[in-house]
Amino acid sequence: MSDAAKTRSYPFAEIEPKWQKFWEEEQIFKSTEDPAKPKYYILDMFPYPSGNGLHVGHPEGYTASDILARYRRMKGYNVLHPIGFDAFGLPAETYALQTGTHPRITTEKNIRNFTRQLKMFGFSYDWSRVVNTTDPEYYRWTQWIFLQLYKQGLVYEAETPVWWCEDLKSVLANEEVVNGRSERGDYPVKRIMLKQWMLKITAYADRLLEGLDKLDWPESIKEMQRNWIGRSEGAKICFALDEHNDRFIEVFTTRSDTLFGATYMVLAPEHPLVKRITVPERRKAVDEYCEKAALKSDLDRTELSKEKTGVFTGAYALNPVNGKKIPVWIADYVLISYGTGAIMAVPGHDQRDWEFAKAFGLEIIPVLEGGNIRESAFEGDGLHINSAFLDGLSKDDAIRKMNTWLKDQGCGERTINYKLRDWLFSRQRYWGEPIPLYKDADGNVYAINEEKLPLLLPEVDKFEPAGAGQSPLANIRDWVEFKGKDGKTYYRETHTMPQWAGSNWYYLRYMSPDYDKALVYSAAERYWGQVDFYIGGAEHAVLHLLYARFWHKVLYDLGVVSHDEPFQKLLNQGLILGTDGEKMSKSRGNVVNPDEVIKEYGADSLRMYEMFMGPIDRAKPWSTEGLGGIHRFLNRIWRIYVDENEEINPQICNKLDNTLEISFHKMVKTVTEHIEQVRFNTAISQMMIFINDCYKAEFLYRPHMLDFIKILSVFAPHIGEELWQRMGSKDVLSYSAWPLYDPEKAKDEMIEYPVQINGKVRFKINISSEAVETDIREALKDHEKYAFYTEGKQILKCIVIPRKIITLVLK
RNA sequence: GCAGCCGUGGCGGAAUUGGCAGACGCACCAGACUUAGGAUCUGGCGCCUUCGGGUGUGGGAGUUCGACUCUCCCCGGCUGUACCA
C-alpha cells in the first residue's frame with residue numbers, strides 16, 4: 001500500500017488531471033495585450049529538454065514564478081507567463097553519435113515528455129506561446145540578429161588562441177571553461193590557435209558594467225559579472241627594444257608610478273614577438289620552454305602555480321624613463337589572454353615579479369618607501385624614492401604625473417583594460433544554428449540575404465566531425481558549395497552557433513511567437529517591455545545573463561527593443577539537495593523523482609512543500625517527512641471544507657467568530673506581504689496558523705473561507721479550484737480579486753507586554769492594544785508584581801515601547 | 001589568496017528601522033479515539049535545575065536600558081574566482 005493511500009488523502013489523483021484539463025480547454029491562462037490593464041511579465045529560465053526529464057530542482061523556480069503569476073492576475077495585472085525549450089545543444093548530438101538517432105527526433109521526444117511533466121504541476125503558462133530554439137521559424141530570427149551584429153561590425157573572424165576540447169570535438173568560449181575543464185561534461189581542454197568567428201562583446205564592456213547598477217538582481221550575481229568584465233584603470237606603456245629600432249613591447253600596468261623600478265620585462269610564451277627578438281644562442285632554450293608551456297593545460301598551469309619558471313630571450317628593452325637596458329624574459333605567469341600579453345616587471349612592488357626575480361637573480365629596486373623588499377614585495381602606498389621627478393609623491397599623485405609624462409613623451413597613455421574577452425562564437429557541431437555567412441574562393445566574406453533566412457540546418461547521415469576543427473556540416477559538399485548568379489563557386493560557413501545564441505533572446509519571442517515579419521512585433525514589445533521578474537539558476541550568472549544583456553543592448557541600439565536592459569528583477573532559486581544534504585546526482589543515488597512524488601502525494605503537495613522548505617534562494621535538503629507534513633496540511637484544509645459525506649462542512653455559515661476574524665485578517669495581511677517579498681515559506685506558515693485556528697472555532701465565516709481558497713489556490717491550484725467549485729462559486733477562480741484585509745482587524749485587542757527588569761523578563765501584563773504610553777505606565781504601577789520587584793529599589797529608567805515591551809532599570 | 005553569502009533546538013527554519021529567541025513544520029514523548037494505528041484529535045518538547053531560578057543564537061570583545069540583529073577581532077561552512085600585471 002502506498003503512503004498516500006494509508007493516510008486517507010483528499011482525492012488529488014482525480015482532481016489534478018480534472019482541473020488541468022479545464023485550464024487547457026478553457027484557455028484560462030492565454031494572455032493578450034490589453035492596454036486597459038497594467039502588464040506583468042514573469043519569466044522562468046526555459047529548460048534544456050534532457051532525456052532524464054524534470055528533476056525536483058526544476059519545479060522550485062517554476063512554482064515560485066507560478067505563485068507570483070497567479071497572484072498578479074488576481075491583483076488585476078495582465079500577466080505574461082510563458083515557457084519554451086532551449087533545445088539545441090550537445091546531449092542530443094552526443095546521443096546521435098552513439099545511436100544514429102537524429103537529434104531532432106530525440107529533441108522532439110524529450111520536449112513531449114517535458115511538456116507532459118510541466119502540465120502535471122498545474123503551472124499557469126500560456127501554452128499558446130511555447131517557443132523552441134530548434135524550430136526554423138525561431139532560429140530564423142537568431143540568424144537575423146547575428147546578421148545585424150555582422151552589419152554593425154560586431155562580428156569578425158580571427159586566428160586566436162582558443163579552448164579546444166578533444167572529447168567534445170569543439171572549441172569553447174572562455175565562459176564555458178571552468179577550472180581548465182569544459183563546463184558541460186567536465187572534459188579537459190587545451191589552447192590551440194584556430195580561425196574563429198568572434199562577437200565584439202568588449203565593445204559593450206562599459207555599458208554592460210554600468211547597466212548592472214540599476215538592476216534589481218542579487219548582489220552576488222552583479223558582483224560576478226563585474227569581476228568577469230574586470231574593468232581596470234591603468235596605462236599602456238611602450239618599451240623600445242635595444243637593437244630592434246622598428247619593434248616595441250607594449251605593456252598594460254595599473255602602477256605606472258613604479259616605472260623606475262621596472263628591472264626586467266616578461267612576455268607570455270605565446271607572444272608574437274618572442275620568435276623575432278630571441279637571440280640565436282638562446283633560441284633552443286626559448287623554443288623548448290614555449291613548447292612545454294603550450295602542452296600544459298590551464299589546469300596544469302594553475303596547479304603548479306607557485307613555482308615561477310621562465311627563460312631569458314637574450315634581448316633587452318629600454319626603460320623609457322631612464323633609457324636603462326633591461327632584460328626581456330618569457331614566463332608562463334604572464335598570460336597571453338590578459339592585457340597585452342607582456343608586462344614590465346617591478347619586483348620591488350609586485351609579489352609575482354618579486355618571486356620571479358628571486359628565482360632568477362634579477363635586480364630589485366625599491367621605488368616606494370615602506371615594506372621590506374628582502375622579505376616580500378611592497379604593494380602598499382608610500383612616498384616615492386629612486387624615481388627622479390616622482391620622488392616624494394604618493395601613489396595616486398605619482399600615477400597621475402607619470403601618465404601625463406608618458407603622454408607628453410609619446411611613449412604611453414592612460415587606458416582602461418578589461419578582463420572580458422570577445423565572445424568566441426563558432427562551434428564545430430551539427431546541432432546548432434548554421435552561421436549565415438559564406439565565402440568566395442578568395443576568402444572574401446558575404447552575408448546571406450535576410451530575405452533568405454532561415455538558413456536551414458541540412459540533413460546529414462553521420463554526425464561525426466569532419467576532422468579536427470571542422471563541424472559535421474563540412475562533410476556535406478553539396479550544401480557547403482553552391483554556385484552564385486555570377487557563376488562563381490561559394491562556400492558556406494560550416495560552423496554553428498553556440499547554445500547561448502537561441503537562449504539570448506527567447507524572452508522577446510514570447511511576446512509575439514507567431515509573428516513572421518520580425519523577431520518581435522513592435523507593438524507587443526512596447527506593451528510587454530522588460531521582463532519584470534526573472535527566475536532561474538545561479539549557474540547562468542556570467543554566461544546566459546551576460547550574453548543576453550549584450551544582444552539586448554545591440555537590439556536596443558538598433559531600435560528593435562525599447563529598454564536597454566532585458567531583466568529588471570532577477571531571483572536565483574537555491575539548489576534542492578538530497579536527503580543527505582549533498583547535491584543530487586545519479587551516482588550518489590539521492591535523486592528524487594517528481595513523477596513519483598506526484599503519484600504518491602499529488603502535485604499540490606510537491607509545489608507547496610518546495611515552497612515551504614525554506615527561503616527560496618537558499619540551498620535546502622529534501623525531506624520526505626517534511627513533504628508528508630505538507631500533505632497532511634492539505635488534508636486538514638480539505639476536511640475543513642468537505643465532511644465525511646462529501647458535503648460542505650456545515651460549520652461554514654454566515655456567523656462570525658471574533659477570534660477567527662482576527663486570525664483571518666492577520667493571515668491575509670501576512671500572506672500578501674510575504675508573497676510580495678517572495679517569502680513563501682513564512683506565507684505558508686501563516687496559512688497553517690489560520691487553519692489551526694479554524695479547527696478550534698465553532699463557526700467558519702463563509703466569505704472568509706472563500707477568500708482563503710483564493711489565497712490557497714496560488715500555491716495549490718488544483719485543490720483550490722476543486723474547493724471553489726464545491727463551495728458553489730461561479731467566478732473564474734484564477735481571475736477573482738485577491739482578498740483584502742482590514743489592518744485594524746489584523747491586530748489583537750489585547751497585548752501581553754513583557755516587563756523586563758534589569759535585562760530579565762520578570763512578568764507579563766495584559767493591556768489593550770489601543771493603550772498609549774501613559775495608560776501603560778499606569779497599568780504597570782497597578783500590577784500586583786510591580787511593588788514586589790520595585791520595593792526598596794530606585795527606578796533609574798522606565799522605557800515603554802508601545803506594542804512591544806516595557807523595560808525597567810532598577811538600582 | 002581574493003570576493004560574495006552564511007553560521008539559531010535532534011532536523012528544515014521563524015524573529016533585522018535593535019524590543020518576549022525558537023513562529024510554522026518534521027522527528028520525538030504522553031494522552032484520547034480504537035481490535036489495531038503508520039489515520040485522526042489533544043497536550044508536551046533548547047539546555048541545566050535543589051523547581052526559586054540559571055543559562056542559551058559558532059567563539060571573544062564593544063556600543064546600548066536592551067543585541068540573533070549594529071561595530072571590531074577570531075573560528076567554521078558554502079559559492080564564485082584564481083599568477084588579471
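Reckoned from all heavy atoms, side chains included, excluding hydrogens, waters and symmetry mates.
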Provide, to the nearest angstrom, the distance between the CD1 atom belonging to A/Ile801 and the P atom belonging to B/rA67. 14 Å
B/rC20, OP1 or OP2 - any side-chain N/O from A/Arg762 closer than 4.0 Å? no
Hey, does the side chain of A/Arg632 come within less than 4.0 Å of B/rA27's phosphate (OP1/OP2), counting only N and O? yes
Less than 4.0 Å between a side-chain N and a carboxylate O, is that true for A/Arg226 and A/Asp213? yes
Are A/Arg679 and B/rG13 close enough that a side-chain N or O sits under 4.0 Å from OP1 or OP2? no
Paired nucleotide for B/rC68 [Watson-Crick or G-U wobble; both distances under 3.5 Å]: none
B/rG19 phosphate, OP1 or OP2: any side-chain N/O from A/Lys804 under 4.0 angstrom? no
On the nucleotide B/rU79, are OP1 or OP2 found under 4.0 Å from the side-chain N or O atoms that A/Arg618 carries? no
Would you kindly compare A/Lys797 and A/Lys764 by the position of their nearest RNA chain B nucleotide and give the one closer to the 5′ end? A/Lys764
Side-chain donor-acceptor pair under 3.5 Å between A/Arg636 and A/Asn692, yes or no? yes
Both distances under 3.5 Å, Watson-Crick or G-U wobble: report the partner of B/rU35, or none. none
note: A/Glu773, atom CD; B/rG19, atom C1'; distance rounded to Å ~ 14 Å
Carefully, step by step, assess A/Lys292 and A/Asp332 under the rule salt bridge (Lys or Arg N to Asp or Glu O under 4.0 Å). CA-CA 10 Å; A/Lys292 247 199 289 186; A/Asp332 66 3; over 6 Å; no
Pair A/Lys620 + A/Glu610, salt bridge at N-O below 4.0 Å: no
Syn or anti conformation of B/rG52, syn meaning chi within 90° of 0: syn
B/rA15 C1' sits how many Å from A/Asn681 CG, rounded? 12 Å
Using the rule side-chain hydrogen bond (donor to acceptor under 3.5 Å, both in side chains), only one of A/His384, A/Lys395, A/Arg400 pairs with A/Asp257; which is it? A/His384
With heavy atoms under 4.0 Å as the rule, sort A/Ala345 into base, sugar-phosphate or nothing. nothing
A/Gln677 CD - B/rU16 P separation (whole Å): 10 Å
What distance, rounded to whole Å, do you find between the two P atoms, one in B/rU55 and one in B/rA61? 15 Å
Pair A/Tyr609 and A/Tyr601, ring centroids less than 6.0 Å apart: no
Polar side-chain contact A/Thr807-B/rG19 base: donor and acceptor under 3.5 Å: yes
A/Lys419 side-chain proximity, nearest of B/rU81, B/rC24, B/rU40: B/rU81
Would you indicate which nucleotide in B/rG13, B/rG66, B/rC41 comes nearest to any side-chain atom of A/Gln756? B/rG66
From the options B/rA14, B/rA85, B/rG12, select the nucleotide whose nearest atom is closest to the side chain of A/Val334. B/rA85
Complementary nucleotide for B/rC5 - Watson-Crick or wobble, under 3.5 Å: B/rG77
Return the nearest nucleotide to the side chain of A/Ser685; candidates are B/rA85, B/rC24, B/rA14. B/rC24
Send over the distance from A/Lys696 NZ to B/rU40 C1', rounded to a whole Å. 16 Å
With a 6.0 Å cut-off on the ring centroids, do A/Phe12 and A/His631 count as close? yes
Any side-chain N or O of A/Asn692 less than 4.0 Å from the OP1 or OP2 oxygen of B/rG25? yes
Given the 90°-from-0 boundary between syn and anti, B/rG12 should be labelled anti
Can you figure out which of B/rC83, B/rC41, B/rU81 approaches the side chain of A/Leu335 most closely? B/rC83
Identified pairing partner of B/rA30, criterion: Watson-Crick or G-U wobble below 3.5 Å: B/rU42
From B/rC20, B/rA3, B/rG25, pick the nucleotide closest to the side chain of A/Val761? B/rC20
Counting side-chain heavy atoms from C-beta on, which of B/rG25, B/rA23, B/rA14 comes nearest to A/Ile689? B/rA23
Heavy atoms only, 4.0 Å cut-off, all strands: where does A/Gly629 land among base, sugar-phosphate and nothing? sugar-phosphate
Round to a whole Å and report the spacing from OH of A/Tyr789 to P of B/rC65. 23 Å
Figure out the CG/C1' separation between A/Asp617 and B/rU79, and round it to whole Å. 13 Å
Tell me what A/Gln351 touches on the nucleic acid: a base, only sugar-phosphate, or nothing, going by heavy atoms under 4.0 Å. nothing
By nearest atom, which of the nucleotides B/rA3, B/rC83, B/rG25 is closest to the A/Tyr333 side chain? B/rC83
Minimum-distance nucleotide (side-chain atoms of A/Thr253 versus B/rG19, B/rC41, B/rA85): B/rA85
Could you please name the option among B/rG25, B/rG13, B/rG4 that lies closest to any side-chain atom of A/Ser220? B/rG4
For the pair made of CG in A/Leu780 and C1' in B/rC65, what is the distance, rounded to whole Å? 15 Å
